Novice: 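The structure that follows is given in the form of structure tokens.
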Amino acid sequence: MEVNPPKQEHLLALKVMRLTKPTLFTNIPVTCEEKDLPGDLFNQLMRDDPSTVNGAEILMLGEMLTLPQNFGNIFLGETFSSYISVHNDSNQVVKDILVKADLQTSSQRLNLSASNAAVAELKPDCCIDDVIHHEVKEIGTHILVCAVSYTTQGGEKMYFRKFFKFQVLKPLDVKTKFYNAETDEVFLEAQIQNITTSPMFMEKVSLEPSIMYNVAELNSVNQAGECVTTFGTRTYLQPMDTRQYLYCLKPKKEFAEKAGIIKGVTVIGKLDIVWKTNLGERGRLQTSQLQRMAPGYGDVRLSLEAIPDTVNLEEPFHITCKITNCSSERTMDLVLEMCNTNSIHWCGISGRQLGKLHPSSSLCLALTLLSSVQGLQSISGLRLTDTFLKRTYEYDDIAQVCVVSSAIKVES
């Protein structure tokens, strides 16, 4: 009968502990009125309790801290910190000790050890300590692999390792919406929801634009010469609460003049979100490049550069139009026609030649018109004809203008 030899015990012991901030100790207050049977007994017990706040004993929040009792949750964007200790439990000197810590994710394996050099020797009851840090950038299952190799006094090489498995959760739900304006501006609405179980302090939410755009944040208002955030002085985001951020992106001057380039731009930029949780633990999340659906303008684009908000009835007013050849390789020879509607009447010569318009170039055109009907009127009736291809482009509902009686003074 074959007997297997007993498994050899290792001379070294490995201990791994996650480093997290403590939490504030909470207690459950038990009290009663003085006329009740216990009298002042419960209140006196709470006053004598060292965990309560002097003068506010009935509050659940105390002044003492509680060390973590379990691994807890770790969220994407936070920094994972762990304490690794190798202790010599034997009564002999161990040589050539090498401690290695790797983090295995679903896509890669990372070495987190501060040093890959072996320790020459470790005496009895001595230990090797190390603290590792890693900013978590992937969600899902993570495995911390700690491996220890050493040589005994007899020259035997020993090796063992331990695995520590944990899940990385998603802290925020980020949704984006894009609005394309006629002036090549792009408005981005970002909806950020806290899907953790604790409140967050939103330290920063910014948009890093792509190389073709400048960005303006629309999340503050000017009050008495000071910029005040629209979210108030307390920028806390409670669990499952959602906050909306708005940004306006404008093309840089060197790109705004090249209509063909701006037309095809889909990459807008990326959001950079920084928050803090209990006792100032910081987290950071950066989205991938945000992409919009590029608007289709066709071969010729007509946009308004200037138009009054309010005009007088039956009095001429002026608008400035910008005509852009969105083609990248074809020159156009354009003719402008102006067709009157029931309420809008154009002033000037219809059918005039605008001349040749080269690829990706623009021209500005000042036009005069008047309205014969009061109210909110839509400007329509412009037609552009390319004489080379005998193709006509129609532009209706270009903009709207408020028409009031001439007896009402219009502020310029």
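Note that the numbering runs from 1 along the sequence shown for the chain. Worth saying up front: this structure is predicted, and the values here are computed from it rather than measured.
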Novice: Could you walk me through whether I344 and Q377 pass side-chain contact (heavy atoms from CB on, under 4.5 Å), step by step?
Specialist: CA-CA 8 Å; I344 294 296; Q377 303 300 327; 4.3 Å; yes
Novice: For atom CD of E226, is the number of surrounding heavy atoms from other residues, nucleotides or ligands below 6.0 Å larger than 12?
Specialist: no
Novice: Let me see the working for M202 and K204 under side-chain contact (heavy atoms from CB on, under 4.5 Å), right down to the final yes or no.
Specialist: CA-CA 6 Å; M202 305 304 293; K204 183 182 76 168; over 6 Å; no
Novice: Where do N325 and T331 come nearest, in terms of heavy atoms and distance?
Specialist: ND2-CA, 4.1 Å
Novice: So, F80 versus H134, ring centres under 6.0 angstrom or not?
Specialist: no
Novice: Taking side chain as C-beta onward, heavy atoms only, is L76 less than 4.5 Å from L169?
Specialist: no
Novice: Using every non-hydrogen atom in the two residues, find where Q289 and V267 come nearest and quote the distance to one decimal.
Specialist: OE1-CG1, 3.3 Å
Novice: Regarding S220 and T229, is there a side-chain donor-to-acceptor distance under 3.5 Å anywhere?
Specialist: no
Novice: Could you walk me through whether R383 and D396 pass salt bridge (charged side-chain N to carboxylate O under 4.0 Å, His left out), step by step?
Specialist: CA-CA 9 Å; R383 305 289 183 263; D396 295 317; 3.2 Å; yes
Novice: Taking atom OG1 of T320 and atom CG of L367, what is their separation to the nearest 0.5 Å?
Specialist: 8.0 Å
Novice: Are P209 and N214 close enough that some pair of their side-chain heavy atoms sits under 4.5 Å apart?
Specialist: no
Novice: Assess the residue pair K250 and E185 against the criterion (salt bridge (charged side-chain N to carboxylate O under 4.0 Å, His left out)); give the C-alpha distance rounded to whole Å, side-chain angles, the decisive distance to 0.1 Å, and a yes or no.
Specialist: CA-CA 5 Å; K250 297 181 180 181; E185 294 178 341; 3.7 Å; yes
Novice: Quiz question: by atom type and distance under 3.5 Å, do the side chains of E315 and N312 form a donor-acceptor pair?
Specialist: yes
Novice: Can a donor-acceptor pair be found between the side chains of E138 and T105 at a distance below 3.5 Å?
Specialist: yes
Novice: What distance separates E121 CD from Q153 CD, expressed to the nearest 0.5 Å?
Specialist: 10.0 Å
Novice: Evaluate the side-chain proximity of C248 to V215: yes if any heavy-atom separation is below 4.5 Å, no if none is.
Specialist: no
Novice: If you look at every heavy atom in G269 and L207, which pair is closest and at what distance?
Specialist: C-CD1, 4.3 Å
Novice: Does the plane of the ring in H142 sit parallel, tilted or perpendicular to the ring in F166? Use 30° and 60° as the thresholds.
Specialist: parallel
Novice: Between L354 and L384, does the side-chain contact (heavy atoms from CB on, under 4.5 Å) criterion hold? Intermediate values first, please.
Specialist: CA-CA 9 Å; L354 299 181; L384 288 173; 3.8 Å; yes
Novice: Identify the heavy atoms of D130 and S113 that sit nearest to each other, and give their distance.
Specialist: OD2-CA, 4.4 Å
Novice: Could you grab the distance from atom CD1 of I379 to atom CD1 of I398, nearest 0.5 Å is fine?
Specialist: 7.0 Å
Novice: If we only count heavy atoms from C-beta on, is the L302 to L382 side-chain gap below 4.5 Å?
Specialist: yes
Novice: For the backbone of L246 and the side chain of N219, can you confirm whether one donor and one acceptor N or O come within less than 3.5 Å of each other?
Specialist: yes
Novice: After noting the C-alpha distance and the side-chain angles of E189 and Y179, does the key distance pass the side chain to side chain donor-acceptor pair (under 3.5 Å) rule?
Specialist: CA-CA 8 Å; E189 177 191 345; Y179 305 91; 3.1 Å; yes
Novice: Is it true that D397 and S378 share a donor-acceptor pair across their side chains at a distance under 3.5 Å?
Specialist: yes
Novice: Is there a salt bridge (charged side-chain N to carboxylate O under 4.0 Å, His left out) between K21 and E281 once you walk through the steps?
Specialist: CA-CA 7 Å; K21 295 287 182 67; E281 289 181 286; 5.8 Å; no
Novice: Got D89 and L12 here, is their nearest side-chain heavy-atom distance under 4.5 Å?
Specialist: no
Novice: What is the minimum heavy-atom distance between S380 and W346, and which atoms define it?
Specialist: O-NE1, 3.2 Å
Novice: Side-chain contact, heavy-atom cut-off 4.5 Å: I132 with I84?
Specialist: yes
Novice: Is it the case that the side chain of W275 and the backbone of E203 share a donor-acceptor pair, with hydrogens and angles ignored and the cut-off at 3.5 Å?
Specialist: no
Novice: Is any side-chain heavy atom of M200 less than 4.5 Å from a side-chain heavy atom of P171?
Specialist: yes
Novice: Kindly compute the distance separating OG (S82) from CZ (F164), expressed to the nearest 0.5 Å.
Specialist: 7.5 Å
Novice: Evaluate the side-chain proximity of V401 to D309: yes if any heavy-atom separation is below 4.5 Å, no if none is.
Specialist: no
Novice: Between the side chains of T151 and E156, is a donor N or O closer than 3.5 angstrom to an acceptor N or O?
Specialist: no
Novice: Under 6.0 Å from the six-membered ring centre of F231 and within 45° of its axis: does the NZ or CZ of R243 meet both?
Specialist: yes
Novice: Near L376 CG, under 6.0 Å, is it more than 12 heavy atoms from other residues, nucleotides or ligands?
Specialist: yes
Novice: Indicate whether any N or O donor in one side chain lies under 3.5 Å from an N or O acceptor in the other, for T79 and H133.
Specialist: no
Novice: Quick one: NZ on K137 to CG on L110, what's the gap to the nearest 0.5 Å?
Specialist: 9.0 Å
Novice: Side chains of D129 and Y83: do they bring a donor and an acceptor to under 3.5 Å?
Specialist: yes
Novice: If you take all heavy atoms of K100 and N111, which pair is closest and at what distance?
Specialist: CG-OD1, 4.3 Å
Novice: I'd like to know if the side chain of K95 reaches the main chain of T152, judged simply by a donor and an acceptor atom lying under 3.5 Å from each other, with no hydrogens or angles considered.
Specialist: no
Novice: Kindly say whether D333 contributes a backbone atom to a donor-acceptor pair with the side chain of D386 at under 3.5 angstrom?
Specialist: yes
Novice: Given the rule in the salt bridge (charged side-chain N to carboxylate O under 4.0 Å, His left out) test, do R109 and D102 qualify, once you have shown the distances and angles that lead to the verdict?
Specialist: CA-CA 7 Å; R109 189 183 182 102; D102 291 342; 3.2 Å; yes
Novice: Roughly how far, to the nearest 0.5 Å, is the CD atom of E9 from the CZ atom of F160?
Specialist: 11.0 Å
Novice: Would you sort out whether L290 and F178 count as a side-chain contact (heavy atoms from CB on, under 4.5 Å), showing the intermediate values?
Specialist: CA-CA 10 Å; L290 302 176; F178 288 102; 3.9 Å; yes
Novice: Apply side chain to side chain donor-acceptor pair (under 3.5 Å) to residues S198 and T277 and explain how you reach the verdict.
Specialist: CA-CA 8 Å; S198 59; T277 54; 6.0 Å; no
